[in-house]
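Down below is the structure, laid out as structure tokens.
Here the structure is a predicted model, which is why all the values come from computation and not from measurement. In each ligand, atom 1 is the first atom listed, and ligand 1 is the first ligand listed.
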Amino acid sequence: MADIINLLPDNIANQIAAGEVIQRPASAVKELLENAVDAGATEIQLIIRDAGKELVQVIDNGSGMSDTDARMCFERHATSKIRSIDDLFQIRTMGFRGEALASIAAVAQVELKSKRQDDELGTFIEIDNSVIRRQEPCQAPVGTSIAMKNLFFNVPARRNFLKSNAAEMRHIVDEFIRVALAFPHLQFSLNSNGQQMFHFEKGSLKQRIVSILGQHYNSKLVTVKESTDYMNIHGFVGKPETAKKTRGDQFFFVNNRFIKSSYLNHAVMNAFAETIPSDSFPLYVLFIDLDPAHVDINVHPTKQEIKFDDERILYAFVQSAIKHALAQFSVTPALDFDLDPGIQQLDALTQPFTEEKKAQSTGTSIYKTFTSANQAHVIDKTANSNLQHWKELYGPPPARDNDFPLPPPSEFPAAPTSTASVIDERWQEAAHDQKGPVQVHQQYILSQIKSGFILVDQRSAHERILYERYLRALAEKPIATQQSLFPQTLELLPADAIIVHEMLPDLQALGYDLEPFGQHTFVVRGTPADIQSGNEQASIEGLLEQFKNFSTELKHNRRERLVRSMARNNAIPSGKPLTSREMQNIIDELFACSMPNVSPGGRGTFISFKLNDLEKMFDRGF
Ligand code: ADP
Ligand code: MG
């Protein structure tokens, strides 16, 4: 029998390996920008055509490369940044492992031009499919330009996998902004299809944040800054009033590398807990610096997840730093918020970590007090009237657990008092018409039907109703727009603005009257007639957030996602008191739907209880 094992040819092996590093145009954007930063550039241009499918080019004024390095840099494991495995754990530059350029060269056509300061001439290289086609001397400014053309031209299956231009562009903008935030002292620009999308001058972090998120943030940022021997944190959080219904402007950098960490995010949310509504997201741009030996970020170049030696310390540190910052900006001048010297001296913060130390330090009492409420930098909620106030405004209404069963009519006041709340009205209506629907725990509607009764989940039911209404709006008859008396401007994150642009026609049919106004801004002239005026902005932000949540569900097309997002976003929430009439309307409309029994997301909308079954239940003894 013949032997059956082959070695893959280099270019195929490279293509396979490249797939891990370069998944989409935005991956190349990240790698090329980081290389430019590593090369000491102070001005970096990103040029995109066709959402990066045709061209991703980065031009920098950094160190440049020699002829040989320019050839070498496309080899797998070619890097000037590490020499030994130990380096991998001490690395502070952005790139590592020397895989990016080799990967790009394996899956695209690449042109590189580079010149060093002291060289007379630069060098030009053309390479595709990992093969150098041409290298010659050329005139060039100091620095490097790398152009990646026709990504995946040689791997059609991958090319087909790319998303719409809007989606790919969104990823590119995300990467661009992350790098631009991490290096505010460098100049960055982004040009897409010949149009300048961004130009950021060198400046402070605050200036960079404001030029990305909008001028109105200038007075809305709170400085965060704490240092210990173990780690530092610096950056900004938005004042509580800037918290939005849509996640997005939240950035964590560890040793200047963007990371995603739901754990650290939780620490921030916790620090904000008393100051913002629970369903909204504060802005933050935070940089944590610690000895790279304590961080395992080198798992994989495309990974944004991160592992720390001891997460709990980091959590407590982040949370207290932010509480501290928020307290300083608000009202408690009397409290001394200097980081407790006890923490500064905490073994864990001053010494390198070992398993044994970890066990020791978490056992000490000082560690315990670090996270507990008697530390100076932990805010005493009762001492802070402002925070209390926020809670009153946004906290959930006090639970009413006496909603059911219905008290006998005699117990109802004869006439509504002047302070009668919606809830009181509802009781009275219910009392007059015992057969009418009754709300239970502000969440379910109980309605008697001939064969028994049904229990309707108000939220899922309304979502179903709206979903079908919106589908009809897109198919047949647009929803009426209610013009706003005072058009509002809506300033969005660049990536969100792209989504909104993409959806404009559909939004129109659904009753939103939006008009682009500047790069990432829209004027909201009207909203669907059933949205309360004054809520325009929140309604659109909520919608965007929903839309982004759904965007991972590939099976739905964009319209479907939009309709589902709107239905979910505009549905009556659980916890909302309803009048009899509102309840009756929900029931009537629900049963006029083509699929009344499930919400668009597949949740049940009602459960029916048949008299027969009830009988049997009682017979069985429960
Ligand atoms: P890594 O960044 O991990 O070293 P890359 O494949 O991204 O690997 O780059 C390989 C090498 O090419 C780098 O180590 C660097 O020496 C050189 N290089 C890449 N981009 C540039 C650039 N813009 N300017 C100067 N040198 C560069
Ligand atoms: Mg690199």
Side-chain angles (χ1 to χ4, degrees), residues 10 13-15 17-23 25-47 56-108 110-119 122-127 130 132 135 138 140-148 151 175-176 178-179 182-183 186-189 255-258 292 297-304:
D10 268 358
N14 280 344
Q15 275 176 19
E20 301 206 351
V21 185
I22 305 298
Q23 288 154 344
S27 335
V29 166
K30 169 174 183 284
E31 296 295 341
L32 295 176
L33 289 176
E34 290 184 347
N35 279 346
V37 171
D38 283 345
T42 55
E43 289 167 19
I44 300 172
Q45 280 172 269
L46 171 61
I47 298 168
V56 171
Q57 181 175 17
V58 171
I59 306 175
D60 69 56
N61 65 350
S63 62
M65 284 181 261
S66 70
D67 305 1
T68 315
D69 284 350
R71 240 184 355 260
M72 274 284 287
C73 72
F74 292 105
E75 298 286 337
R76 190 156 299 278
H77 310 305
T79 177
S80 54
K81 297 166 197 174
I82 58 174
R83 291 192 184 277
S84 74
I85 190 72
D86 290 341
D87 291 349
L88 201 55
F89 297 98
Q90 283 303 330
I91 198 155
R92 286 213 180 256
T93 54
M94 302 301 289
F96 44 86
R97 308 202 337 178
E99 279 183 302
L101 292 182
S103 301
I104 290 174
V107 290
V110 180
E111 288 175 20
L112 173 146
K113 240 187 204 183
S114 193
K115 186 176 106 71
R116 295 181 299 181
Q117 180 82 53
D118 295 335
D119 292 343
T123 185
F124 173 83
I125 287 189
E126 228 180 78
I127 180 167
S130 305
I132 295 184
Q135 175 167 24
C138 71
V142 174
T144 304
S145 154
I146 300 184
M148 177 187 86
L151 177 62
E175 295 292 357
F176 175 78
R178 288 165 189 169
V179 178
F183 301 95
L186 309 181
Q187 187 194 88
F188 287 91
S189 65
N255 293 346
N256 247 11
R257 178 181 297 277
F258 174 81
I297 202 168
N298 293 330
V299 195
H300 192 277
T302 60
K303 278 256 163 70
Q304 292 164 341

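The shortest N or O to N or O distance between Asp38 and ligand 1 is not under 3.5 Å. Polar contact with ligand 1: present for Thr144 (N/O pair, distance under 3.5 Å). Polar contact with ligand 1: present for Leu101 (N/O pair, distance under 3.5 Å). Considering both main-chain and side-chain atoms, Gly64 never comes within under 3.5 Å of ligand 1 through any nitrogen or oxygen pair. Where the criterion is an N or O separation shorter than 3.5 Å, residue side chain and backbone included, Ser63 fails it with respect to ligand 1.
For Met65, the heavy-atom gap to ligand 1 drops under 4.0 angstrom.
A donor-acceptor pair under 3.5 Å is absent between the side-chain atoms of Asp60 and the main chain of Ala41, judged by distance alone.
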Tell me, with the steps shown, if Phe74 and Val110 meet side-chain contact (heavy atoms from CB on, under 4.5 Å).
CA-CA 10 Å; Phe74 292 105; Val110 180; 3.8 Å; yes

Dump the intermediate steps for side-chain contact (heavy atoms from CB on, under 4.5 Å) on Arg257 and Glu34, then the final yes or no.
CA-CA 10 Å; Arg257 178 181 297 277; Glu34 290 184 347; 4.1 Å; yes

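By the criterion of a heavy-atom distance under 4.0 Å, neither the backbone nor the side chain of Leu32 is placed next to ligand 1.
Residue Ala39 has at least one heavy-atom neighbour below 4.0 Å for each of these atoms of ligand 1: 22 (C), 24 (N), 25 (C). Proximity to Ala100 (heavy-atom distance under 4.0 Å) selects the following atoms of ligand 1: 6 (O), 7 (O).
Using a 4.5 Å heavy-atom threshold, the side chains of Pro141 and Lys115 count as separate. In this structure, the side chains of Phe124 and Glu111 come closer than 4.5 Å at one or more pairs of heavy atoms.
Across all their heavy atoms, Thr123 and Met65 have their closest contact at CG2-O, 4.5 Å. Residue Gly64 comes nearest to Arg116 through the heavy atom pair C-CG, 3.6 Å, listed as atom of the first residue, atom of the second, then distance.
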